[in-house]
Amino acid sequence: GVKLLNGEQKMEMKATKEVKVGERVSFCRCWKSAKHPYCDGSHNKYNKETGDHVGPIVVAAVQA
Ligand code: FES
C-alpha cells in the first residue's frame with residue numbers, strides 16, 4: 001500500500017523495505033541471495049558456477 005510519511009509519498013512493501021516513488025528495487029530470481037527477496041548480486045557467482053544466466057527483476061515504485 002501507499003503511506004504518507006513526513007509529507008512524502010512512499011510505497012510500503014510487505015517485506016521490510018520502504019521505497020520512494022520512482023526508486024528501483026531488484027528482486028532475486030536465482031534463490032541464492034542472502035537478502036531474499038532482494039538481489040544481493042549472488043546471481044553472478046551462481047551464473048559462473050552453473051553456466052546459467054539468471055538475474056533479478058527490477059521494479060520501479062509508482063504512485064498508486
Ligand atoms: Fe538472485 Fe541477484 S542474487 S538474482
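Worth saying up front: this structure is predicted, and the values here are computed from it rather than measured.
- Judged by distance alone, with hydrogens and angles left aside, the side-chain atoms of Arg24 form no donor-acceptor pair with the main-chain N or O of Val59 at under 3.5 Å.
- Annotation: the span from Lys48 atom NZ to His43 atom NE2 amounts to 11.0 Å, rounded to 0.5 Å.
- Among all heavy-atom pairs drawn from Ile57 and Arg29, the shortest one is N-NE, 3.9 Å.
- Phe27 is not connected to Trp31 by any chain of hydrophobic side-chain contacts under 4.5 Å among Ile, Leu, Val, Met, Phe, Trp and Tyr, and they are in different clusters.
- Pairs engaging residues 49-60 under the side-chain hydrogen bond (donor to acceptor under 3.5 Å, both in side chains) rule: Lys45-Glu49, Tyr46-Asp52 [sequence neighbours left out].
- Applying the salt bridge (charged side-chain N to carboxylate O under 4.0 Å, His left out) test to every pair with at least one member in residues 55-64, sequence neighbours left out, gives no pairs at all.
- Considering only heavy atoms from C-beta on, Val25 stays 4.5 Å or farther from Val58 through its side chain.
- For Ser33, the side chain to side chain contact (heavy atoms under 4.5 Å, CB included) criterion is met by Cys28, Lys35, His36, Asp40, not counting sequence neighbours.
- Between the side chain of Asn44 and the main chain of Gly41, a donor-acceptor pair closer than 3.5 Å is present.
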